[in-house]
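Whatever order the structure lists them in is the order used to number ligands and atoms, beginning at 1.
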Amino acid sequence: MGLQSTKHSKVKQANILMLGLDSAGKSTLLYKFRYNDAFLTMPTIGFNVDMIETEKDFTLTVWDVGGQEKMRQVWCRFLEDADGLLYVVDSSDKQRLEESKKEFELVLKNEGMKSIPVVVLANKQDVPGALNAEEITRRFHMKKYCSNRNWYVQPCCAVTGEGLSGALRTLTAFTKQYRRSKETLTVFKEIKTP
Ligand code: G3D
């Protein structure tokens, strides 16, 4: 193993943790990513997982861990192996925005989430009065809490699919970069400790 081999090794898969409060639209999104169609949803109990080929020879494995309060306590167990975070916000639910922001901050503070890239989906943009991406960026203090990582706030509608391909493209670029830097770091550590 050496820098040479890292340079040529190709990242083929990345683990994405999809989090957000219950009813934010995670199940709808996951289904839409896969089937490009809306469907009737049930509150997520336990977790859903799906693999999405976003580029030739590159797959995102998206883990939807569920957003109910009891599931939030186990979010951290899924953080260790994540290469990216997809955080879903119901932009139309102003009453729960503060709760969503608090959970988001808690996740980012986790040791396992250090420098992991983040894409926030400002979902339900079709609902009249929904907060736009700029407003979500401001209210979630993105610039402050994500200063040490790649981040992006993508407006979207899980029902129509608008904004989703952009989100996947951004996430793919971010996670590839993250994985490459992680691999390089591992190689340096190996070189330093023979
Ligand atoms: P969750 O998996 O995060 O808990 P769901 O959330 O995917 O179950 O979605 C919760 C509700 O929000 C569902 O409605 C779903 O259809 C709706 N929803 C999800 N995304 C959007 C969106 O972009 N726009 C609108 N208008 N609704 C959305 P029900 O009525 O089944 O509870």
A.B. asks: Should you measure from each heavy atom of Val159, which atoms of ligand 1 turn up under 4.0 Å away?
C.D. replies: 21 (C), 22 (C), 23 (O), 24 (N), 25 (C), 27 (N), 28 (C)

A.B. asks: Are the aromatic ring centres of Phe140 and Tyr145 under 6.0 angstrom apart?
C.D. replies: no

A.B. asks: Taking only heavy atoms of Asn123 into account, list the atoms of ligand 1 that are under 4.0 Å away from them.
C.D. replies: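 Every atom of ligand 1 under 4.0 Å from some heavy atom of Asn123: 20 (N), 21 (C), 23 (O).
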
A.B. asks: Within 45 degrees of the axis of the six-membered ring of Phe58 and under 6.0 Å from its centre: does Lys12 put its NZ or CZ there?
C.D. replies: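 Relative to the ring axis of Phe58, which defines the angle, Lys12 lies outside at least one limit.
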
A.B. asks: Give me the atom names and distance for the closest heavy-atom approach of Val159 to Lys32.
C.D. replies: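 Residues Val159 and Lys32, closest heavy atoms: O-NZ, 3.3 Å.
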
A.B. asks: If you measure every N/O of Ser23 against every N/O of ligand 1, is any gap under 3.5 Å?
C.D. replies: yes

A.B. asks: When only distance counts, is Cys157 in polar contact with ligand 1, meaning an N/O pair under 3.5 Å?
C.D. replies: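 N/O-N/O distance below 3.5 Å does not exist for this pair.
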
A.B. asks: Which of the numbered atoms in ligand 1 are under 4.0 angstrom from any heavy atom belonging to Asp22?
C.D. replies: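 In order of numbering, the contacting atoms are 4 (O).
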
A.B. asks: Of Leu121, Asp126, Val89, which is the lone residue that meets side chain to side chain contact (heavy atoms under 4.5 Å, CB included) with Cys156?
C.D. replies: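 Output: one option passes, namely Leu121.
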
A.B. asks: Could you check Leu168, Thr172, Thr59, Leu171 and say which one makes a side chain to side chain contact (heavy atoms under 4.5 Å, CB included) with Ile52?
C.D. replies: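 In the set Leu168, Thr172, Thr59, Leu171, the residue that makes a side chain to side chain contact (heavy atoms under 4.5 Å, CB included) with Ile52 is Leu168.
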
A.B. asks: Keeping the roles fixed (side chain from Asn123, backbone from Ala24), state whether a donor-acceptor pair exists under 3.5 Å.
C.D. replies: yes

A.B. asks: Taking distance alone, with N or O pairs closer than 3.5 Å, would you say Cys156 contacts ligand 1?
C.D. replies: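 No; the residue has no nitrogen or oxygen that sits under 3.5 Å from a nitrogen or oxygen of the ligand.
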
A.B. asks: With heavy atoms only and a cut-off of under 4.0 Å, state how Asp90 meets ligand 1: side chain, backbone, both or neither.
C.D. replies: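 No part of Asp90 comes within reach of ligand 1.
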
A.B. asks: Minimum distance, heavy atoms only, to atom 16 (O) of ligand 1: which one of Leu21, Asp64, Asn48, Thr28 is it?
C.D. replies: Thr28

A.B. asks: Do the charged groups of Asp90 and Lys26 touch, with an N to O distance under 4.0 Å?
C.D. replies: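 So Asp90 does not pair with Lys26 through a salt bridge.
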
A.B. asks: Taking the non-hydrogen atoms of Gly20, is any one of them nearer than 4.0 angstrom to ligand 1?
C.D. replies: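 False for this residue.
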
A.B. asks: Taking both backbone and side-chain atoms of Val127, is any N or O found less than 3.5 Å from an N or O belonging to ligand 1?
C.D. replies: no

